Amino acid sequence: VFNTLFQERSQLYCSTATPLANATPQNIEAALSETRFVDRSYSRGAGPFSDFNSDLPNAIAHSEEGVAHLILSGEFAGYLPDHFAQHFDQSGRMHRINYRNLSYTTEVGVLQTVSERANPLSVAFVDCLKRK
């Protein structure tokens, strides 16, 4: 049984030092098509960004931290959860791309087997997580 705990929104981010960060509404699609993309190894693909660049992904990282490092290098754009990228965005090191639907939402939860659902400690733990 899957128990949803919360939804996480991820958006496309780039370094503030890239041309994409300063793209205007008139040239953003061209800037997106020239941008290299980093994807997470376990994600479902480039999502809405692939509409602009069919050669995706150009790099793969196994963690959000790896994606962030590649974005901060100025060589790639990539999806990060808003709560993870917030610090970099507010400090002026990353820029969120506000164009069309370059975002997606993921359900984060806990999966329990039938036997775990029968275990009072497991049920209490999941109930505690749901209240947070």
Side-chain angles (χ1 to χ4, degrees):
V1 176
F2 183 78
N3 296 286
T4 299
L5 300 176
F6 61 93
Q7 291 193 341
E8 176 180 81
R9 184 174 176 176
S10 294
Q11 297 189 74
L12 186 65
Y13 287 88
C14 66
S15 165
T16 54
T18 64
L20 181 57
N22 299 312
T24 65
Q26 294 78 24
N27 68 359
I28 193 164
E29 288 191 16
L32 285 166
S33 69
E34 295 172 6
T35 298
R36 294 169 61 193
F37 180 78
V38 57
D39 202 1
R40 283 180 276 176
S41 59
Y42 57 85
S43 70
R44 294 187 191 113
F49 186 71
S50 61
D51 294 343
F52 301 99
N53 190 333
S54 60
D55 297 329
L56 297 175
N58 306 107
I60 295 174
H62 296 287
S63 66
E64 292 168 350
E65 292 83 359
V67 171
H69 279 285
L70 289 170
I71 292 170
L72 291 169
S73 76
E75 298 294 322
F76 298 90
Y79 285 99
L80 287 173
D82 286 338
H83 66 85
F84 184 91
Q86 181 179 8
H87 166 75
F88 299 108
D89 192 23
Q90 290 176 345
S91 67
R93 297 179 66 200
M94 280 188 195
H95 175 74
R96 184 177 66 229
I97 307 302
N98 293 314
Y99 183 71
R100 290 194 186 171
N101 295 319
L102 294 177
S103 66
Y104 63 89
T105 302
T106 305
E107 285 188 351
V108 177
V110 63
L111 188 64
Q112 291 179 288
T113 64
V114 172
S115 62
E116 289 169 336
R117 298 265 312 149
N119 180 324
L121 184 58
S122 177
V123 172
F125 177 71
V126 171
D127 288 343
C128 181
L129 286 175
K130 286 181 175 180
R131 287 192 297 266
K132 296 292 177 187

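The figures here come from the full heavy-atom set of this structure, side chains too, leaving out hydrogens, waters and symmetry mates. Everything quoted here is computed from the prediction, not taken from an experiment.
There is no path of hydrophobic side-chain contacts, each under 4.5 Å, that joins Phe2 to Val108. Side-chain heavy atoms closer than 4.5 Å link hydrophobic residues (I, L, V, M, F, W, Y) into clusters, and following such links, even through other members, never connects Val1 to Val123. No single ILVMFWY cluster, assembled from side-chain heavy atoms under 4.5 Å apart, contains both Val38 and Leu20. Linking ILVMFWY residues whenever their side-chain heavy atoms come closer than 4.5 Å, directly or via other members, places Leu12 and Tyr104 in the same cluster.
Only one option out of Arg96, Gln11, Arg9 pairs with Ser103 in a side chain to side chain donor-acceptor pair (under 3.5 Å); it is Arg9.
Residues Asp89 and Asp82 fail the side-chain proximity criterion, which asks for heavy atoms closer than 4.5 Å. Residues Leu80 and Met94 meet the side-chain proximity criterion, which asks for heavy atoms closer than 4.5 Å. Annotation: side chain of Glu8 is not in contact with side chain of Phe84 (no heavy-atom distance under 4.5 Å).
Interatomic distance, NE2 of His95 versus OG1 of Thr18, reported as 8.0 Å (0.5 Å rounding). Taking CZ of Arg117 as the reference point, atom CG of Asn3 lies at 5.5 Å (rounded to 0.5 Å).
Surrounding CZ of Phe6 are more than 12 heavy atoms belonging to other residues, nucleotides or ligands, all under 6.0 Å away.
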Legend entry - Residues Leu32, Leu102; criterion side chain to side chain contact (heavy atoms under 4.5 Å, CB included); working and verdict: CA-CA 11 Å; Leu32 285 166; Leu102 294 177; 4.0 Å; yes

Legend entry - Intermediate values then yes/no, side chain to side chain donor-acceptor pair (under 3.5 Å), Gln7 and Thr105: CA-CA 6 Å; Gln7 291 193 341; Thr105 302; 5.1 Å; no

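Aromatic ring centres of Phe88 and Tyr13 lie farther apart than the 6.0 Å criterion allows.
Taking both residues in full, the closest heavy atoms of Ala21 and Ser15 are given as CB-O, 3.5 Å, listed atom of the first, atom of the second, then distance.
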Name the atoms and distances for all side-chain donor-acceptor pairs under 3.5 Å in residues 67-77, with sequence neighbours left out.
unit_1, atom_1, unit_2, atom_2, d
Ser73, OG, Leu70, O, 2.6
Ser73, OG, Glu75, N, 3.2

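Listed for the Ser10 side chain is no donor-acceptor partner under 3.5 Å among the backbone atoms of Tyr79.
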